[in-house]
Amino acid sequence: MATTPRRPANPKDAAEALFKPAKKIAAPAVERPVIPNAREPVTLKIDSDVLAYFQAEGPGWQERINHALRAAMKTSSGP
């Protein structure tokens, strides 16, 4: 009767077999509903004097920039 060795013949192959990535089934992409008037974080490069102007009045400077951009958007789009 043949006995199997306690250790595999090639330990490297045995270790690689243990750590072989499992095949995962990709989950279908979930589309999230669009939230009206949602805010998105962005990175925006603006001149330092423009930033200082909006920050001079204290907290809420991002909101003031948003209002200024919205006003510019409305005036340039026309009726």
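What you see is a predicted model, and the numbers here were worked out from it, not measured in a lab.
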Indicate yes or no for a side-chain donor-acceptor contact from Arg64 to the backbone of Pro59 under 3.5 Å, with no hydrogens or angles considered.
yes
Would Ile65 and Met73 show up in the same hydrophobic cluster when neighbours are defined by side-chain heavy atoms closer than 4.5 Å?
no
Considering residues, nucleotides and ligands other than Ile35, do more than 12 of their heavy atoms fall under 6.0 Å from its CD1?
no
Interatomic distance, NE2@His67 vs CD@Gln62, rounded to 0.5 Å, equals 12.0 Å
Hey, is CZ on Phe54 packed in by over 12 heavy atoms from elsewhere, all under 6.0 Å?
yes
